[in-house]
Amino acid sequence: MKNIVILGSTGSIGTQSLDIVSRLPDKFRVIGLAANGNAKLLAEQASRFNVPNVSIGDGTGKLEELRSNLTGNVNVFQGVDGMCSLSTLPEADLIVVAVSGAIGIKPTQAALELGKDIALASKEVLVAAGEHTMEL
């Protein structure tokens with residue numbers, strides 16, 4: 001079983017990734033989810049997949065909204081540093097990077113530095129930092 005983290009879980013690629021996980025529960029376990037602003041959907045996803053770690057963007061009030069919608073014992077992170085915390089979880093095997101823009105560079109490179117497998121769905125990481133990312 002692969003432990004996966006999905007950065008950008010509330011977007012199109014993230015929700016499709018979770019659909020695949022739901023169809024293959026013996027192959028994948030979600031251990032981390034990150035979203036920029038949709039705190040309600042992020043909390044729903046965390047509950048549905050029993051995810052122990054989540055991260056929300058830095059938007060005003062998003063952290064409080066996420067916490068008020070979460071049930072159970074969930075570690076909550078925020079912003080780019082939060083995504084880095086998720087992408088470097090020791091038990092994570094695969095990091096799905098499905099965030100828009102250069103915001104995905106730091107968590108992608110942090111995971112690569114630890115030898116994590118990356119499923120990159122964000123061209124900006126390669127456009128803005130391709131040389132260093134590919135070296136990693």
Side-chain angles (χ1 to χ4, degrees):
M1 177 168 302
K2 284 200 180 256
N3 291 326
I4 67 170
V5 170
I6 302 173
L7 306 180
S9 67
T10 61
S12 176
I13 293 169
T15 56
Q16 290 174 48
S17 297
L18 287 170
D19 181 51
I20 292 168
V21 168
S22 72
R23 295 169 192 247
L24 300 168
D26 56 327
K27 303 268 186 204
F28 301 104
R29 180 172 67 124
V30 182
I31 62 166
L33 295 172
N36 183 41
N38 194 337
K40 184 177 179 189
L41 180 55
L42 177 59
E44 290 170 7
Q45 291 171 336
S47 176
R48 178 177 177 207
F49 290 92
N50 196 29
V51 178
N53 305 284
V54 297
S55 182
I56 191 76
D58 287 324
T60 304
K62 293 300 176 186
L63 184 62
E64 295 78 19
E65 182 182 353
L66 176 60
R67 284 193 170 132
S68 70
N69 283 296
L70 285 171
T71 57
N73 187 18
V74 180
N75 299 311
V76 179
F77 302 93
Q78 188 172 25
V80 175
D81 288 340
M83 288 194 301
C84 289
S85 294
L86 296 183
S87 71
T88 59
L89 287 167
E91 64 273 27
D93 300 309
L94 175 66
I95 315 302
V96 177
V97 182
V99 296
S100 296
I103 197 166
I105 294 171
K106 190 173 177 184
T108 299
Q109 291 182 348
L112 288 170
E113 287 172 356
L114 295 178
K116 307 284 185 190
D117 289 334
I118 303 293
L120 188 60
S122 173
K123 68 179 181 275
E124 292 87 358
V125 171
L126 293 178
V127 170
E131 186 174 340
H132 182 62
T133 301
M134 294 306 291
E135 286 173 7
L136 292 170

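Values in this document were obtained by computation on a predicted structure and should not be read as measured data.
Tracing side-chain contacts under 4.5 Å through hydrophobic residues (I, L, V, M, F, W, Y), one never reaches V99 starting from V76; they form parts of separate clusters. Linking ILVMFWY side-chain heavy atoms closer than 4.5 Å, directly or via other members, places V30 and F77 in two distinct hydrophobic clusters.
Counting all heavy atoms, side chain and backbone alike, A98 lies closest to I13 at CB-CG2, 3.7 Å. Here the shortest heavy-atom pairing between A111 and S87 reads CB-O, 3.4 Å. Taking both residues in full, the closest heavy atoms of G14 and I6 are given as CA-CG2, 3.9 Å, listed atom of the first, atom of the second, then distance. For the residue pair V74 and T71, the shortest heavy atom distance occurs at CG2-O, 3.7 Å. Between V96 and S17, the shortest heavy-atom distance links the atoms CG1-OG, 3.9 Å.
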K2 vs D117, test: side-chain contact (heavy atoms from CB on, under 4.5 Å). Steps then yes/no. CA-CA 11 Å; K2 284 200 180 256; D117 289 334; 3.9 Å; yes
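Side-chain contact between I103 and V80 is present, with at least one heavy-atom pair separated by less than 4.5 Å. The side-chain heavy atoms of P107 and L7, taken from C-beta on, include a pair separated by under 4.5 Å. Side-chain contact between K116 and V5 is absent, with no heavy-atom pair separated by less than 4.5 Å.
Between L86 atom CG and I4 atom CD1 the span is 12.5 Å, to the nearest 0.5 Å. Between the OG1 atom in T88 and the CD atom in E113 there is a gap of 10.0 Å [rounded to 0.5 Å]. Rounded to the nearest 0.5 Å, atoms CG (D19) and CG (L24) are 9.5 Å apart. Interatomic distance, CD1 of I95 versus CG of L89, reported as 7.0 Å (0.5 Å rounding).
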Determine all donor-acceptor pairs shorter than 3.5 Å in which one atom belongs to a side chain in residues 31-49; sequence neighbours excluded.
| from | atom 1 | to | atom 2 | distance (Å) |
| --- | --- | --- | --- | --- |
| N38 | OD1 | L41 | N | 3.1 |
| Q45 | OE1 | S9 | OG | 2.7 |
| Q45 | NE2 | S9 | O | 2.8 |

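Using modelled atom types and a 3.5 Å distance limit, the side chains of Q16 and S12 yield a donor-acceptor pair.
Under a 3.5 Å cut-off, the side chain of D93 and the backbone N or O of N3 do form a donor-acceptor pair.
Applying the 6.0 Å contact sphere to CG of D26 captures more than 12 heavy atoms from other residues, nucleotides or ligands. Around CG of D58, the count of heavy atoms belonging to other residues, nucleotides or ligands within 6.0 Å exceeds 12.
Salt-bridge check for R67 with E64: failed, with every basic side-chain N at 4.0 Å or more from each acidic carboxylate O.
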